[in-house]
Trainee: 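Input: one structure, supplied below.
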Amino acid sequence: MASRIRVVLRPVKSIVVRFCPFESNVESTRKFLQCINHKRIQATNRNCEVSADVRHDGSEPLVDADGERLIMKGANLTTVEMLTALGSRCNAKELKAEQKSKKNP
């Protein structure tokens, strides 16, 4: 991947990647799954459960990140866009948690 995208999974409890491997529009979703399973990203939260739901039903590829339910439909997104969306959601959740902890010492 040409660009470096920083994803910190600290506020995420689980990520489910669902796709049908026989469809033509799943390449970005498969690459996203590969990136999320990288040891550097996994090291940011060892408790985050990443699972692949492989189906043979012609369903649309999607990624469901737990928390506030970030659902990304991978058929229309690139891998970089999916990683950027997940990274920004994780950063926003982390900032929200920090602000909440500062208010309640």
Trainee: Minimum heavy-atom separation for A52 to L33, with atom names?
Mentor: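 Taking every non-hydrogen atom into account, CB-CD2, 3.7 Å.
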
Trainee: Can you list the residues that meet the side-chain contact (heavy atoms from CB on, under 4.5 Å) rule with E81, with sequence neighbours excluded?
Mentor: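 Counting only residues at least two positions away or on another chain, E81 forms a side-chain contact (heavy atoms from CB on, under 4.5 Å) with L77, T78.
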
Trainee: Could you check if a side-chain atom of V17 sits within less than 4.5 angstrom of a side-chain atom of R30, using non-hydrogen atoms only?
Mentor: no

Trainee: Quick one: CZ on R18 to OG1 on T29, what's the gap to the nearest 0.5 Å?
Mentor: 11.5 Å

Trainee: Run the side-chain contact (heavy atoms from CB on, under 4.5 Å) check on F22 and H56 step by step: do they pass?
Mentor: CA-CA 7 Å; F22 302 108; H56 181 49; 3.0 Å; yes

Trainee: Could you check if a side-chain atom of K73 sits within less than 4.5 angstrom of a side-chain atom of P61, using non-hydrogen atoms only?
Mentor: no

Trainee: To the nearest 0.5 Å, what is the distance between CG on L83 and SG on C35?
Mentor: 5.0 Å

Trainee: Side-chain heavy atoms nearer than 4.5 Å, only ILVMFWY residues, links allowed to pass through others: does that put V50 and I41 together?
Mentor: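 Linked within one cluster.
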
Trainee: Quick one, K13 and N47 - any side-chain contact, counting heavy atoms below 4.5 Å?
Mentor: no

Trainee: So which heavy atom on L86 is nearest to which on A65, and how close?
Mentor: CD1-CB, 3.9 Å

Trainee: Could you tell me whether a side-chain N or O of N25 sits under 3.5 Å from a main-chain N or O of A75, the two making a donor and an acceptor?
Mentor: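 No; judged by distance alone, with no hydrogens or angles, the pair does not exist.
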
Trainee: Closest approach of C90 and V8, non-hydrogen atoms and distance?
Mentor: CB-O, 3.1 Å

Trainee: Is V80 reachable from L9 through a run of I, L, V, M, F, W or Y residues, each pair having side-chain heavy atoms under 4.5 Å apart?
Mentor: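 In one cluster: yes.
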
Trainee: So, for P21 and V54, which heavy atoms are closest and what is the spacing to 0.1 Å?
Mentor: CD-CG1, 3.5 Å

Trainee: Looking at NZ of K39 and OG1 of T44, how far apart are the two atoms once the value is rounded to the nearest 0.5 Å?
Mentor: 14.0 Å

Trainee: Are E27 and K31 close enough for a salt bridge, meaning some N to O gap below 4.0 Å?
Mentor: yes

Trainee: Stepwise, does the side-chain contact (heavy atoms from CB on, under 4.5 Å) test hold for I15 with I36?
Mentor: CA-CA 9 Å; I15 297 173; I36 290 298; 4.1 Å; yes

Trainee: On a heavy-atom basis, which atom in C20 and which in G58 lie closest, and how many Å separate them?
Mentor: SG-N, 3.6 Å

Trainee: Would you compute the distance between atom CZ of R46 and atom CD of Q42 and round it to the nearest 0.5 angstrom?
Mentor: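 Taking CZ in R46 and CD in Q42, the distance rounds to 7.5 Å.
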
Trainee: Looking only at atom types and distance, does a side-chain atom of S14 sit under 3.5 Å from a main-chain N or O of E49, one as donor and one as acceptor?
Mentor: no

Trainee: Is any side-chain heavy atom of F32 less than 4.5 Å from a side-chain heavy atom of M72?
Mentor: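 Answer yes - side chains close enough.
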
Trainee: Go through the steps to decide whether V63 and M82 satisfy the test side-chain contact (heavy atoms from CB on, under 4.5 Å), and finish with yes or no.
Mentor: CA-CA 9 Å; V63 177; M82 295 169 78; 3.4 Å; yes

